[in-house]
Protein chains: 2
Amino acid sequence: MYRTHTCGELNLQHTGTGVTLSGWVQRSRDHGGLTFIDLRDRYGITQLVFDLETDAALCREARKLGREYVIQAVGVVRERSNKNPRMSTGDIEIDVKSLNLLNASILPPFTIDDETDGGEELRMKFRYLDLRRNVMRKNMELRHRMAVEIRKYLDNQDFIEIETPDMIKSTPEGARDFVVPSRMNPGEFYALPQSPQIFKQLLMVAGYDKYFQIVKCFRDEDLRSDRQPEFTQVDCELSFAGQEDVLNTFEGLAKHLFLKIKNISFNGPFPRITFKDAMDRYGTDKPDIRFGMEITEITDHTRGRGFPVFDNSEFVGAICAENCATFTRKQTDQLTEFVKKPQIGAGGLVYLKYNKDETIKSSVDKFYDEPALRKWIQVAGARPGDLILILSGERVPTQEALSELRLELGRQLKLFNDEDFAPLWVVDFPLFEWDEDTGRFYAKHHPFTSPRHEDIPLLDTDPAAVCANAYDLVINGVEIGGGSVRIHDKNLQKKMFEKLGFTDEQADQQFGFLMEAFRYGAPPHAGVAFGFDRWVAVFAGCQSIRDVIAFPKNNSGRDLMIDSPSPLTAEQLKELRLKTDGP
Amino acid sequence: MYRTHTCGELNLQHTGTGVTLSGWVQRSRDHGGLTFIDLRDRYGITQLVFDLETDAALCREARKLGREYVIQAVGVVRERSNKNPRMSTGDIEIDVKSLNLLNASILPPFTIDDETDGGEELRMKFRYLDLRRNVMRKNMELRHRMAVEIRKYLDNQDFIEIETPDMIKSTPEGARDFVVPSRMNPGEFYALPQSPQIFKQLLMVAGYDKYFQIVKCFRDEDLRSDRQPEFTQVDCELSFAGQEDVLNTFEGLAKHLFLKIKNISFNGPFPRITFKDAMDRYGTDKPDIRFGMEITEITDHTRGRGFPVFDNSEFVGAICAENCATFTRKQTDQLTEFVKKPQIGAGGLVYLKYNKDETIKSSVDKFYDEPALRKWIQVAGARPGDLILILSGERVPTQEALSELRLELGRQLKLFNDEDFAPLWVVDFPLFEWDEDTGRFYAKHHPFTSPRHEDIPLLDTDPAAVCANAYDLVINGVEIGGGSVRIHDKNLQKKMFEKLGFTDEQADQQFGFLMEAFRYGAPPHAGVAFGFDRWVAVFAGCQSIRDVIAFPKNNSGRDLMIDSPSPLTAEQLKELRLKTDGP
């Protein structure tokens with residue numbers, strides 16, 4: 001063994017103990033006749049001291065050590081004269097007696113410190129150095145700890161983790177699959193799973209009534225900051241369970257994680273909100289409810305005053321920013337620029353300042369008299385000093401733009417912080433989504449999602465109004481996971497396929513072996529899947545899931561460290577009987 | 001919720017309790033006016049009773065239920081008159097008051113019972129039914145329980161589980177990679193990892209001094225009963241640790257699993273045996289030491305008696321089967337047939353019967369007089385009543401054939417049973433393997449494996465004699481895992497590449513980014529990887545790892561249930577810019 005202790009555990013109790021430490025040189029300082037080295041490992045930092053007077057040769061050796069050199073030091077723990085209360089080992093130092101250089105290091109391309117001078121590209125290329133930084137180490141440890149607690153909770157609830165295959169079958173419906181050519185079966189391909197959905201439903205048919213798996217999934221999509229071609233899911237399914245059982249079980253899981261990881265107790269159940277309410281009140285199906293500033297519809301109070309923008313809008317909605325009536329022209333202009341960005345897409349922003357002295361100033365006061373404006377104030381629930389911001393247009397896009405404006409204001413006004421957590425369930429999602437281009441309904445979740453029992457008659461009369469037994473867990477505006485009760489009744493499934501425009505043949509071709517399995521006694525079942533990377537990122541307070549993945553890929557799906565993907569050899573292509581016309 | 005209890009938990013304490021159970025109809029029997037149904041779920045079987053006299057309609061309904069129907073039954077727990085002590089619920093039954101058919105089932109293609117009439121192909125095609133069988137369920141539960149205990153042990157030892165990527169870079173050295181074409185980077189491919197070897201070494205460079213991961217790995221090989229294209233590894237690596245630390249840590253893991261899973265305590269350390277001793281004594285580097293019957297070399301005692309087979313053999317070796325001198329001609333003929341099978345490849349078998357009355361009978365007694373044969377008896381340590389079996393030829397193939405013969409005899413003579421476990425470490429593997437075809441040395445483990453310190457001078461003088469700091473864990477003749485101390489010294493690594501015949505350029509091309517990482521302060525490190533499927537199979541007493549994998553592939557790499565791999569659509573191939581000339 002190269003050490004007797006780690007660099008994170010020694011304190012005054014060890015004074016006088018002979019120890020051997022191994023680690024990396026974080027920093028080295030010379031103070032007159034003394035040389036101090038901060039030695040770092042995964043567990044912390046310990047100060048080594050070399051004295052030129054007592055051992056000149058050793059001290060000179062120490063002075064040659066550069067940053068990130070790997071050394072082994074043998075010495076004795078002693079109390080520091082100059083204690084550092086910010087370090088767990090800050091009360092002691094090691095009086096070094098001998099030194100062993102385990103490996104040298106050339107100069108790292110960026111500073112290995114919490115605040116680094118390395119840009120993202122450089123950090124990705126030298127990820128093994130980036131991962132040495134304390135902030136990254138904490139993220140990796142958090143991720144591990146969360147996986148441990150998830151498994152502990154689910155195992156205690158009799159869930160069994162079962163590995164489903166990674167090399168499965170491509171289904172052209174839905175998002176694009178990554179595929180794997182089969183050498184043994186030329187011309188044929190496996191697909192990497194986008195989720196273990198079908199396998200977990202087969203496990204329910206097989207009688208494994210409480211299944212889970214922390215599992216890699218793969219999706220060949222164009223990438224965004226919260227997307228990676230490979231990502232990790234906490235995948236779960238239960239038999240003989242309905243929506244209420246699923247929500248209770250996994251609310252329990254979320255509370256367990258909050259308590260064990262963040263030391264936060266939630267008393268009482270998480271709020272539940274319907275999809276419709278979420279859209280009406282927050283303009284999104286994943287609301288951040290750490291702060292209010294809810295949307296108020298004022299469409300009816302804006303008609304017929306000769307303001308064509310509002311008169312021609314399906315929807316006029318307002319949010320009320322508390323104590324912001326004092327916003328300057330520059331500030332309201334900036335908000336207007338914000339909502340006009342292409343990602344948000346609003347045409348403009350109307351404001352109403354309800355000043356402290358109860359006077360009113362609005363950008364549309366030449367169209368609306370004071371009683372009309374006072375009506376808006378009343379409906380929006382504004383108080384003197386507040387600023388009302390109004391957008392108009394088609395209902396859903398306008399709600400979504402108001403949601404973005406609300407979040408932007410929340411950030412600017414610091415209405416929430418990263419250490420607050422507001423989880424909720426969004427329920428009663430619509431079963432179908434209408435697609436204008438193809439002129440047909442698509443399953444919002446997937447074709448096996450069960451409609452609410454009371455909505456089944458609507459399948460024939462008003463499909464768009466049918467709600468699904470589907471649910472999402474949202475924390476701080478991030479969709480952490482979602483799921484649904486599945487259809488286990490053959491006739492209902494047949495009707496569902498009809499409504500989705502499948503012929504019997506098409507249904508059989510695409511979902512045949514699952515339908516075949518369902519003929520052998522499929523139990524009622526329901527499930528949920530959580531985006532593990534996202535959940536860790538939310539707990540870590542990171543904006544990008546890349547910061548909680550050890551070796552992520554960039555936005556072109558490229559691993560900059562190992563320089564992958566890369567061309568195959570002619571030999572490999574020949575064995576696979578493949579030709580590629582790539583460059 | 002569809003149930004108040006599972007089918008495995010009710011007993012006399014629940015007598016009189018109203019319960020709701022859900023599950024599958026395992027079996028149904030009519031006895032006069034009573035109908036009994038065995039209701040099955042993951043947790044057990046509970047007997048339901050319907051009485052024609054008290055509720056004729058309900059009883060008739062029950063009589064319509066077929067095997068594998070899914071039902072919900074509401075009733076009252078009562079004591080059985082005819083108890084079944086072999087079932088945990090055998091003291092009680094449910095007096096059913098109402099019944100709810102949750103789903104019907106068509107007749108399964110094979111019997112869902114421990115002893116099934118389904119052949120392997122049928123069981124694979126309907127794997128979701130095969131997995132309902134008790135034996136398969138126990139295997140899945142064992143697998144889960146072992147993963148739980150592995151994680152618990154390693155987490156307690158400060159190991160951190162870190163997910164390494166599944167889409168990495170193809171390295172044409174070694175076994176074949178499965179590859180994944182990149183749509184975003186046309187003409188380029190990812191590879192699925194054969195192991196996280198390089199990433200775990202990078203994690204050591206990154207300072208994560210105790211890493212593990214239970215992780216899928218992929219290898220495009222021709223398949224055997226203990227191989228699958230995707231398999232699961234328990235992958236581990238430690239920094240600032242040498243061979244002794246690794247062996248102690250993972251012997252601790254193995255003992256933890258034996259205790260928690262099999263309720264077996266091992267006092268004292270596992271035996272350790274060198275590679276050379278393992279070959280000499282057992283003819284294999286993964287000896288089954290549950291029984292003796294070790295190999296004795298008798299080459300020197302067979303020379304010059306005019307028996308050309310032995311005279312021309314590099315090696316003559318014997319095993320001694322206790323109390324088998326009474327074997328009939330038929331039995332020895334069968335053993336001769338066994339060793340002559342092509343997989344074993346011996347030319348023939350020589351025997352020597354050392355009868356109870358101390359007379360001797362041998363198949364070669366016309367070449368060897370009694371004193372010569374008595375010498376063999378003495379060297380082989382035979383006692384009156386024993387049978388000595390002798391093979392000859394080149395050293396290693398003959399040792400290997402003797403190993404197979406030894407195992408066959410062990411099985412026939414029932415010298416071991418599945419519930420005995422004999423773990424050991426095999427150490428001091430050779431660093432290099434000479435390849436006749438290419439006339440060069442290959443790394444037996446991989447090119448980063450460290451030679452034993454004391455053997456470093458031999459690198460120049462006698463490479464074949466250099467032992468590696470490499471080790472395997474073997475249980476009952478199965479290699480459960482193996483690993484090595486890695487080279488962390490640049491100069492030693494350079495020498496290693498030289499000995500393996502790499503130019504600097506080739507070394508750089510194939511291992512460049514790892515070598516680059518090693519320039520930034522690589523710590524001394526060592527690791528191990530266990531074949532999780534194999535370990536579970538050994539604990540389950542299964543011959544094939546297919547029986548401990550939920551959804552395995554067959555010997556052609558095909559998933560018979562989902563019928564994968566399969567052709568892609570023309571659209572998919574076009575998007576990937578691929579052409580295939582498969583049929």
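Chain A is the first sequence line, chain B the second, and so forth, proteins listed ahead of strands; every chain is numbered from 1.
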Between [options], the one whose heavy-atom pairs under 4.5 Å with chain A are most numerous:
options	result
Leu578(B), Val148(B), Leu514(B), Leu192(B)	Leu578(B)
Gly242(B), Pro524(B), Ala104(B), Ala550(B)	Pro524(B)
Arg67(B), Lys210(B), Glu571(B)	Lys210(B)
Arg137(B), Glu244(B), Glu68(B)	Arg137(B)
Phe199(B), Phe189(B), Phe551(B), Phe513(B)	Phe189(B)
Leu573(B), Ile198(B), Asp158(B)	Asp158(B)

Between [options], which residue shows the highest count of heavy-atom pairs closer than 4.5 Å to chain B?
options	result
Lys490(A), Met136(A), Arg127(A), Met140(A)	Met140(A)
Ile562(A), Asn103(A), Asp41(A)	Ile562(A)
Asp130(A), Ile112(A), Val179(A)	Val179(A)
Gly66(A), Gly23(A), Pro108(A), Ser105(A)	Ser105(A)
Phe178(A), Tyr208(A), Tyr43(A)	Tyr208(A)
Ser22(A), Pro523(A), Ser566(A)	Ser566(A)

Per-residue contact mode, [X] against chain B (heavy atom under 4.5 angstrom):
X	result
Val205(A)	both
Tyr69(A)	neither
Leu202(A)	both
Ile162(A)	side chain
Tyr211(A)	neither
Arg143(A)	side chain
Arg519(A)	both

Quick one: does any side-chain atom of [X] pair with a main-chain N or O of [Y] as donor and acceptor, under 3.5 Å?
X	Y	answer
Gln72(B)	Thr20(B)	no
Trp24(B)	Gly207(A)	no
Thr6(A)	Gly8(A)	yes
Glu163(A)	Ile549(B)	no
Glu161(A)	Arg151(A)	no

Ser564(B) vs Met167(A) side-chain heavy atoms within contact, under 4.5 Å:
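No, every pair of side-chain atoms sits at 4.5 Å or beyond.
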Any Leu102(B) side-chain heavy atom under 4.5 Å of Phe240(A) side chain
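Sidechains of Phe240(A) and Leu102(B): in contact.
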Quick one: do [X] and [Y] make a salt bridge, cutoff under 4.0 Å?
X	Y	answer
Lys169(B)	Asp177(B)	no
Asp222(B)	Arg183(A)	yes
Lys125(B)	Asp563(B)	no
Lys152(B)	Glu149(B)	yes
Arg3(B)	Asp209(A)	yes

Classify the ring geometry of Tyr520(A) against Tyr128(B): parallel below 30°, tilted from 30° to 60°, perpendicular beyond 60°.
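Because their plane-to-plane angle lies in the 30° to 60° range, the rings of Tyr520(A) and Tyr128(B) count as tilted.
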Donor-acceptor pair between Arg42(A) and Ser239(B) side chains, under 3.5 angstrom
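On atom types as modelled, these side chains do not qualify, holding no pair under 3.5 Å.
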Let me know if [X] has heavy atoms under 4.5 Å from chain A in its side chain, its backbone, both or neither.
X	answer
Leu129(B)	side chain
Phe231(B)	neither
Met204(B)	backbone
Asp245(B)	side chain

